[in-house]
Amino acid sequence: MSIENLKITATLRSPLVGDPPYLDALLTYELGFKMHKFEDMKFNKSTPIEKIERLPIPLTQCEINGVKVNSCSDPIFIIKTEWHDKLSKRFETDRLSLLIDPNKRKNITPGTGHLKSRWQPLHAKLVDKIVWFARGDAKECRRLLKGIVSLGYYRKIGYGLVAKWEVEKIENNYSVFADNKIMKTLPISNKIKNYEGYRISYGACVPPYWHPGNFQEVVIPC
Amino acid sequence: MKTTGTVKVHCISRTLSPLTHMMETAGNESIINREKIFHKGTVKSIPVISGNAIRHKMLREPGGMYLVEQCGLKGKLTIDQANYMFYGGALTESTVAENMKTLAGLKELFPLYRLLGGSLRNQIIAGSIIVQRGILVCEENREVLEVSLPENYNLPEQQLKSSEEFIKEYQYTRSDIQKSKEGTEILKAEEQEGETKTNLMIYNGQSIIPGTLFYHGFILQNISRLEVGAFFHSLQNWKDSGGIIGGYSRIGHGRLDLNFIMEDSEDFITAADIEVCISEYKSHVETNKEKCIKWLNDNFQDKKKKTEKQEVLIDGE
């Protein structure tokens, strides 16, 4: 494994719904599939964090306030415009009534319940490129990212499609800090206070980001 | 040769009649569905066919209908079964469970739902297909099209038409029997007396003109040959039933002529294997139809029946 400073770019070809993911979360997810980790194990928020294995993704780690964080910046992107798309769903009683067993035919209420018709707004964002700075193995990152075809929510209906992934080697390491700015969500510590461009929040700074076991006071770059 | 792999299908669809895929209404005018794109420094709204519509019309509906016909389920489905087969189902139980036996049964028996995913009463099942939105082939979309089209397929160098040139207005009238010439002969005399409210209505909206091209596609991830068969068979059924997308199909709108190019995956599947995969899928459904019916009945039981069964078990203990 050769360790280099990297700039990773995802060029999108359809609007994005939701926020772009963290790079280490993406790599963990893809590596998990490749290592068949999700086949025999299902985990959720109630699974103890100690039982969730941290996978060997091809990024280096640095220790901040006792937490080993992966060397990769938060996603950097520019929203060119935003709008609301609509997701519709309707149980078409008119078309299906003859397929239903005559004894099971009944009045349904499309305004409520599980057959409720939907006209759900989706907050779509026009984002051309998403960039992450990282420190790790370029070849391995390229291999893992190749399998990721879309990002964000509602990928099944064509949002967040990735046109191409670019993994470039760069001179400087901007994965965690760049000059006097922080580039990544980090645990709060005295060292961080020397930097600027962040806000204090509560959340995770290592994958799985959704697990409450990883939650702590953090600083988020802004 | 691999038994699973990823398949990419690129499609170019040509509208054969006006396409009315509406997003909202302004008064009695339907507005065509649009997405925003960035073109030459400005944001523009360009017509688009949603992936949600393509997914339902081209795959879930024809695929579900085929299963209903093959398994002899016409007039035998429950509302929840129909909701699952045609609309992806919904979580209806308060406790979410992950029943491996149910999942394994579904994945073994229904390649179509392995592909599309959906929601049983108490668990959500992820699908393995990504349905791309229908992008209008126009100058504003040139950049997106260039990165989306398969290798060796290039757009012409000369300028394409602007998206607005593909949009036209339609207008129809719903007539009222009281205003028609025949009304006086058909209606009762008392219906014609005095002042009556008329239902005569003019409605209009935007549509895409016939002959317009849309690019869309499908990415089928980590799938087997049976899923490839289910996918192409559903697409074929959709084409055979007229190839309709969008609204106003009752008056001939929304006919699409779909042409696809499948990216060959030498170690998994090539375009030459499509027919074989369809045959394999059809024979899979034919062989397993009894098991399919049993699975549907077991997993969409009436709540009352389920409780009775549980009570019997408790009594038995």
Side-chain angles (χ1 to χ4, degrees), chain A residues 11-15 33 38 40 42-44 78 80-93 95-108 113-120 122 124-128 146-150 154-164, chain B residues 6 8 23-24 33-38 43 45 48 50-56 61 65 68 73-83 85-92 96 98 100 116-117 121 126-135 143-148 216-217 219 221-222 302:
Chain A
T11 308
L12 299 189
R13 62 181 169 106
S14 70
F33 269 109
F38 304 134
D40 49 355
K42 284 252 175 192
F43 44 84
N44 51 35
I78 295 170
K80 289 190 167 170
T81 184
E82 297 170 88
W83 71 100
H84 276 105
D85 263 359
K86 294 287 197 318
L87 179 72
S88 62
K89 181 177 173 175
R90 185 174 81 91
F91 183 83
E92 294 171 294
T93 323
R95 303 184 74 175
L96 293 181
S97 52
L98 283 175
L99 297 184
I100 308 287
D101 184 338
N103 300 321
K104 306 269 166 65
R105 289 174 198 163
K106 60 177 184 182
N107 285 343
I108 64 156
H114 70 280
L115 298 174
K116 183 179 173 175
S117 299
R118 269 194 257 155
W119 187 238
Q120 182 189 334
L122 299 179
K125 298 167 190 158
L126 187 62
V127 175
D128 275 356
K146 208 174 89 179
I148 297 168
V149 293
S150 52
Y154 290 99
R155 301 187 296 275
K156 64 174 186 176
I157 50 171
Y159 288 97
L161 282 169
V162 179
K164 63 177 175 185
Chain B
T6 294
K8 285 186 184 172
M23 172 175 70
E24 58 189 358
N33 191 30
R34 291 169 188 257
E35 69 174 349
K36 294 198 173 165
I37 64 142
F38 202 68
V43 175
S45 291
V48 67
S50 75
N52 193 35
I54 295 176
R55 190 180 171 91
H56 177 75
E61 194 179 81
M65 195 51 86
V68 166
L73 289 169
K74 275 188 179 171
K76 291 178 185 170
L77 288 174
T78 65
I79 291 175
D80 279 356
Q81 284 170 343
N83 189 34
M85 294 180 83
F86 292 95
Y87 304 104
L91 279 177
T92 56
V96 176
E98 276 161 11
M100 301 286 268
L116 292 168
R121 281 174 169 173
S128 47
I129 187 170
I130 290 176
V131 180
Q132 298 174 35
R133 299 146 72 82
I135 304 168
E143 275 180 42
V144 179
L145 289 164
E146 277 172 351
V147 293
S148 306
H216 55 108
I219 303 171
Q221 294 176 299
N222 301 320
D302 285 343

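When reading the values below, keep in mind they use all heavy atoms of this one structure, side chains included, and skip hydrogens, waters and symmetry mates. In the text below, chain A, chain B and the rest are named by the order of the sequence lines, each starting its count at 1.
- The structure places NZ of B/Lys36 at 10.0 Å from CG of A/Asp85, a figure rounded to the nearest 0.5 Å.
- Taking the side chain as every heavy atom from C-beta outward, A/Thr11 and B/Val147 never approach each other to under 4.5 Å.
- For A/Lys125, the side-chain hydrogen bond (donor to acceptor under 3.5 Å, both in side chains) partners at least two apart in sequence or on another chain are A/Asp19.
- Across every non-hydrogen atom of B/Thr92 and A/His114, the tightest pair is CG2-CG, 3.2 Å.
- Residue B/Leu91 qualifies as enclosed at atom CG: its count of foreign heavy atoms under 6.0 Å is above 12.
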Item to complete: Let me see the working for A/Arg90 and B/Tyr87 under side-chain hydrogen bond (donor to acceptor under 3.5 Å, both in side chains), right down to the final yes or no.
Response: CA-CA 8 Å; A/Arg90 185 174 81 91; B/Tyr87 304 104; over 6 Å; no
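- Pairing each heavy atom of A/Phe91 with each of B/Asn83, the nearest pair is CD1-OD1, 3.6 Å.
- With a 4.5 angstrom heavy-atom cutoff, B/Met85 does not touch chain A via any of its atoms.
- Residues A/Gly147 and B/Gln221 approach most closely at O-NE2, 4.0 Å, considering heavy atoms.
- For A/Lys86, the NZ atom sits in a packed shell: over 12 heavy atoms of surrounding residues, nucleotides or ligands are nearer than 6.0 Å.
- In this structure, OG1 in A/Thr93 is found 8.0 Å from CD1 in B/Ile79, a value given to the nearest 0.5 Å.
- The minimum heavy-atom distance linking A/Pro102 with B/Gly75 is given by the pair CD-O, 3.4 Å.
- Contact of B/Thr78 with chain A is made through backbone and side chain together, with heavy-atom distances under 4.5 Å.
- Counting heavy-atom neighbours within 6.0 Å of B/Glu143 CD, excluding the residue itself, gives a total of 12 or less.
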Worksheet item: For A/Ile157 and B/Arg55, what are the C-alpha separation, side-chain angles and deciding distance, and is it a side-chain contact (heavy atoms from CB on, under 4.5 Å)?
Response: CA-CA 7 Å; A/Ile157 50 171; B/Arg55 190 180 171 91; 3.9 Å; yes
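- Only the side chain of B/Glu61 has a heavy atom closer than 4.5 Å to any heavy atom of chain A.
- The part of A/Leu115 that comes within reach of chain B is its side chain, from C-beta onward, which places non-hydrogen atoms under 4.5 angstrom from that chain.
- A distance of 12.0 Å separates NZ in A/Lys156 from CD1 in B/Ile129, rounded to the nearest 0.5 Å.
- A distance-only check finds a donor-acceptor pair linking the side chain of B/Asn52 to the backbone of A/Ser88 [under 3.5 Å].
- To the nearest 0.5 angstrom, A/Arg105 atom CZ is 10.5 Å from B/Leu77 atom CG.
- Crowding of A/Lys89 atom NZ: a count of heavy atoms from other residues, nucleotides or ligands under 6.0 Å exceeding 12.
- Considering only heavy-atom pairs separated by less than 4.5 Å from chain B, the leading option among A/Tyr159, A/Tyr154, A/Trp83 is A/Trp83.
- Looking at A/Ile100, both its backbone and its side chain come within 4.5 Å of chain B, counting heavy atoms on both sides.
- Residue B/His216 does not touch chain A at all, counting heavy-atom pairs closer than 4.5 Å.
- The structure places CD of B/Glu24 at 8.0 Å from CH2 of A/Trp119, a figure rounded to the nearest 0.5 Å.
- Atom NZ of B/Lys74 and atom CG of A/Leu99 lie 7.0 Å apart (nearest 0.5 Å).
- For a residue to count as touching a neighbouring chain, one of its non-hydrogen atoms must lie under 4.5 Å from one of that chain's; by this rule B/Asn222 does not touch chain A.
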Practice prompt. Go through the steps to decide whether B/Arg133 and A/Leu161 satisfy the test side-chain contact (heavy atoms from CB on, under 4.5 Å), and finish with yes or no.
Written response: CA-CA 10 Å; B/Arg133 299 146 72 82; A/Leu161 282 169; over 6 Å; no
